[in-house]
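Single-structure report; data block below.
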Amino acid sequence: MKIFDKLVIFAVAGLMATSCADLDLYPLETGSSDSWYKTEEEIKASIKGLYRVDFFPIENSRWCDDHQSRNNLNDMTGATLNGDSWDVKNLWQNSYKAIARCNILLSKLDNARSLGISDSHIKLYRSQVLFVKALQYSVLTQYFGDVVWVDSEITVEEAFRMGRTDCDEIMADVYEMYDEAADGLPLTYGNDVELATKAAALGCKARYALFHEDWVIAADAARQCLDLGSHKLYPDFGELFLASTHHACENILSWPYSLELDHLSTSTGDAMGYTPRNRGGYASEYPSWDLFASFLCTDGKPIDESPLFDPHNPFRNRDPRCAYTIVEFGTSHCGVIYNPDPTVTEVYNSVTGRMVTNNDCKAGSQYASYNGLLRKKGIDEAWINNNTFKVAFDKVFLRLAEVYLIYAEAKIEADDIDQSVLDAINTVRARAYKVSYTNTAAYPAVTTTSRAELRSIVRAERRMELAYEGQRRLDLIRWRIAGKALNRPDYGLLDKDELINNLVSKKLWFWPETPRLDEDGIADFSALYDKGYCKIITQRQFDESKNYLWPIPSLEVITNPMLGQNDNY
């Protein structure tokens, strides 16, 4: 007996072991085949259901070396990921739920003419569905490698005999789906609900082809996406990520949130974690020293190579994205001067017009940022929101700057370096300086054609440009340097008395000396630690024998032993 793919996937997911009453076979935006898909409006409603945020995962920035959460580790930074981890089960289940719905819709669209739907609309709807299906398999292969390929309705018995399909075979089909989707998708939906566009299909194809080292495919797709001209870089990098900036021209695929509808982008607890203690936040989530060290100087050189870098004034002469991403000491942030110097016991609060106790330094609070840093990117008074800490900013899955950098990296790795590679990197870099990329005297333009140098440059550029956008850990994975980057300590400030006596009073604040960086831009603070200038807050872990892939969820393997398990889990 045939069943819907949704039931098949829940079987593969191990949910067949639960009672039938718990199976949620027909969610509202999908319906059953007997009661749904009878009209074009029902088809459209089902497609909209495919574009929920749950089906487009954006990695948590806590999972990589750009971030610290006081002395807390998680499954990714502590190397404790296993088949029962919530993130593993959730991503697998959501992806296959979306795939099942896509397969149902595709089968219904084959007979959509009988519902009076025009051929042009059928092509559009099919393209919208194919994009989501391609995206789900892109995500699944990115995390799990070889996965189950389901392309039609199958029996329960067949479901329990299904093994995994080779990742390369899946991606070959995925690229074809992206191409067909791009052919049928519009450049824009105007004022209508935004679903996938041509740029989204081509941009995502480029992103995942880059991950799978299909350099030519990635470069071609990125070039096609850029040539569409349907998006442009937002002129102000710092403003781009604010809650007040909605539907930015740079965003290729994003979701708006609304305070009016109480549709919040993050929990109030998370919002408090990223906001300063001087405004009632926790300041418990903040950038790592590793990220801080990675921003180039205004001469385009790393901090350990540039004569412009001063470890005692670490924001001076840095790429503008440094102070757009991390709060510069002595500047106003969320209405209060931010200064982690423990000898600065009071700071000015422009909201109240008074000097207040500096709770964002160790003299004011033992829970102030453990390393003295605070995140700036996207965070302003809107996160405080009259002390409600309710915030609604757009969640962005893909934006144009990333496509430029995908194009450049793919061409570099394919050893096909020409002026377009330099132009792509320079276009992104120049925007940070608020100048045209052709005005090479106004920013540190990239001119080298050395493949090795360009590889380091584009990796540094991605880290500066895309911090806190869910790409860093995945970059480390595909560059195969996660073991090096994530098996390092998180360093932070000494305790208050030591900090004052050993650093501040000796005029060694903030960093006593410049940390060294390797060819991948990974900083080494061990020399500072050995000299007693800082302390270790946590020790990150990454198991190279297995952590380059996620494990298949345990219940899946128990339910269907044909799936097997990824190595060493």
Side-chain angles (χ1 to χ4, degrees), residues 57 59-67 74-81 87-88 91 138-147 166-168 170-171 174 206-219 222 288 290-291 293-294 302 402 405-417 421 450-467 469-489 516-524 539-552 565-569:
E59 279 219 343
N60 193 324
S61 294
R62 295 182 178 94
W63 295 353
C64 70
D65 59 344
D66 279 355
H67 187 82
N74 53 60
D75 280 350
M76 308 302 165
T77 55
T80 55
L81 193 73
D87 292 296
V88 170
L91 188 142
S138 297
V139 170
L140 283 168
T141 55
Q142 187 177 45
Y143 285 92
F144 300 103
D146 301 343
V147 293
D166 183 86
C167 173
D168 291 338
I170 291 175
M171 289 309 298
V174 164
R207 172 192 278 181
Y208 296 105
L210 185 75
F211 184 89
H212 290 289
E213 300 185 351
D214 292 322
W215 312 125
V216 174
I217 293 173
S288 65
D290 305 71
L291 175 61
S294 72
E402 184 186 347
L405 297 179
I406 289 170
Y407 174 77
E409 185 177 352
K411 294 270 284 184
I412 292 165
E413 295 301 332
D415 202 11
D416 183 20
I417 298 166
V421 172
S450 162
R451 189 182 183 206
E453 291 177 8
L454 283 171
R455 178 179 287 133
S456 294
I457 288 169
V458 79
R459 291 183 179 187
E461 201 68 26
R462 282 186 65 90
R463 195 172 193 185
M464 293 190 293
E465 179 71 23
L466 301 174
E469 296 182 51
Q471 293 300 311
R472 174 61 179 173
R473 192 193 71 88
L474 293 169
D475 282 348
L476 295 174
I477 292 293
R478 64 187 182 81
W479 292 333
R480 307 300 291 184
I481 60 171
K484 176 171 65 171
L486 298 181
N487 275 316
R488 290 174 180 250
R516 313 304 298 178
L517 281 73
D518 69 10
E519 69 279 2
D520 293 308
I522 298 173
D524 182 359
Q539 175 65 55
R540 295 189 303 262
Q541 300 288 335
F542 183 88
D543 187 341
E544 293 192 81
S545 73
K546 60 183 180 179
N547 289 157
Y548 277 102
L549 288 175
W550 281 12
I552 306 300
Q565 183 56 278
N566 283 330
D567 292 343
N568 299 315
Y569 282 107

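All values below were derived from every heavy atom in this structure, side-chain atoms included, with hydrogens, water molecules and symmetry-related copies excluded.
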Exercise for review: Applying side chain to side chain contact (heavy atoms under 4.5 Å, CB included), run through Met76 and Glu59 and close with a yes or a no.
Suggested key: CA-CA 11 Å; Met76 308 302 165; Glu59 279 219 343; over 6 Å; no
Review point. Counting only N and O atoms by type, is there a donor-acceptor contact under 3.5 Å from the side chain of Asn487 to the main-chain atoms of Phe542?
Key: yes
Point to revise | Under 3.5 Å donor-acceptor, Arg451 side chain and Ile417 backbone | key: no
Practice item. In sequence, state the C-alpha distance, the side-chain angles, and the governing distance for Ile412 and Trp215, and then conclude on side chain to side chain contact (heavy atoms under 4.5 Å, CB included). Key: CA-CA 9 Å; Ile412 292 165; Trp215 312 125; over 6 Å; no
Check your understanding: Between atom CG of Asp87 and atom CG of Leu81, what is the distance when rounded to the nearest 0.5 Å?
Key -> 7.5 Å
Point to revise | Student check: side-chain heavy atoms of Tyr143 and Leu474 closer than 4.5 Å | key: yes
Check your understanding: Do any N or O atoms from the side chain of Tyr548 and from the backbone of Gly483 form a donor-acceptor pair under 3.5 angstrom?
Key -> yes
Review point. Any Lys/Arg nitrogen of Arg459 or Asp475 sitting under 4.0 Å from an Asp/Glu carboxylate oxygen of the other?
Key: no
Practice item. Identify the two heavy atoms, one from Ala222 and one from Ala206, that lie closest to each other, and give their separation to 0.1 Å. Key: N-CB, 3.6 Å
Exercise for review: First locate atom CG of Leu549, then atom CD1 of Ile477, and finally report the distance between them rounded to the nearest 0.5 Å.
Suggested key: 8.0 Å
Check your understanding: Is the closest side-chain heavy-atom distance between Gln471 and Arg463 below 4.5 Å?
Key -> no
Point to revise | Heavy-atom side-chain contact between Arg472 and His67 under 4.5 Å | key: no
**Study point:** Closest non-hydrogen atom pair, Val139 against Tyr208
**Key:** CG2-OH, 3.8 Å
Point to revise | Test: Lys484 and Asp518 ion pair at under 4.0 Å | key: yes
Review point. How far does CG of Asn547 sit from OG1 of Thr80, to the nearest 0.5 angstrom?
Key: 9.0 Å
Practice item. Evaluate the side chain to side chain contact (heavy atoms under 4.5 Å, CB included) criterion for residues Arg473 and Asn60: first the C-alpha distance (whole Å), next the side-chain angles of each, then the deciding distance (0.1 Å), finally the verdict. Key: CA-CA 9 Å; Arg473 192 193 71 88; Asn60 193 324; over 6 Å; no
Point to revise | Check ion pair Arg540-Asp290 (N to O, under 4.0 angstrom) | key: yes
Check your understanding: Where do Cys167 and Asp146 come nearest, in terms of heavy atoms and distance?
Key -> N-OD1, 2.8 Å
Review point. Ser288 side chain to Asp65 main-chain N or O, any donor-acceptor pair under 3.5 Å?
Key: yes
Practice item. Mind telling me whether Trp550 and Phe144 have parallel, tilted or perpendicular rings, with 30° and 60° as the class edges? Key: perpendicular
Point to revise | Glu413 bridged to Arg478 by N-O distance under 4.0 Å | key: no
**Study point:** Pair Asp567 + Lys546, salt bridge at N-O below 4.0 Å
**Key:** no
Review point. For the atom pair CG (Asp168) and CD (Glu213), what is the distance rounded to the nearest 0.5 Å?
Key: 10.0 Å
Study note, to complete from the structure: Tightest non-hydrogen contact, residues Gly470 and Ser61, listed as N-OG, 4.2 Å
**Study point:** Least distance between heavy atoms, Thr77 atom then Cys64 atom
**Key:** CG2-N, 4.2 Å
Study note, to complete from the structure: In this structure, CD1 of Ile217 is separated from CG of Leu210 (nearest 0.5 Å) by 11.5 Å
Check your understanding: So, Asp520 side chain and Ile522 main chain: donor-acceptor pair closer than 3.5 Å or not?
Key -> no
**Study point:** Over all atoms of both residues, closest heavy-atom pair of Thr141 and Ile170
**Key:** CG2-CG2, 4.0 Å
Exercise for review: Kindly compute the distance separating CD (Glu409) from CH2 (Trp479), expressed to the nearest 0.5 Å.
Suggested key: 6.0 Å
Check your understanding: Mind checking whether Met171 and Phe211 have side chains closer than 4.5 Å, heavy atoms only?
Key -> no
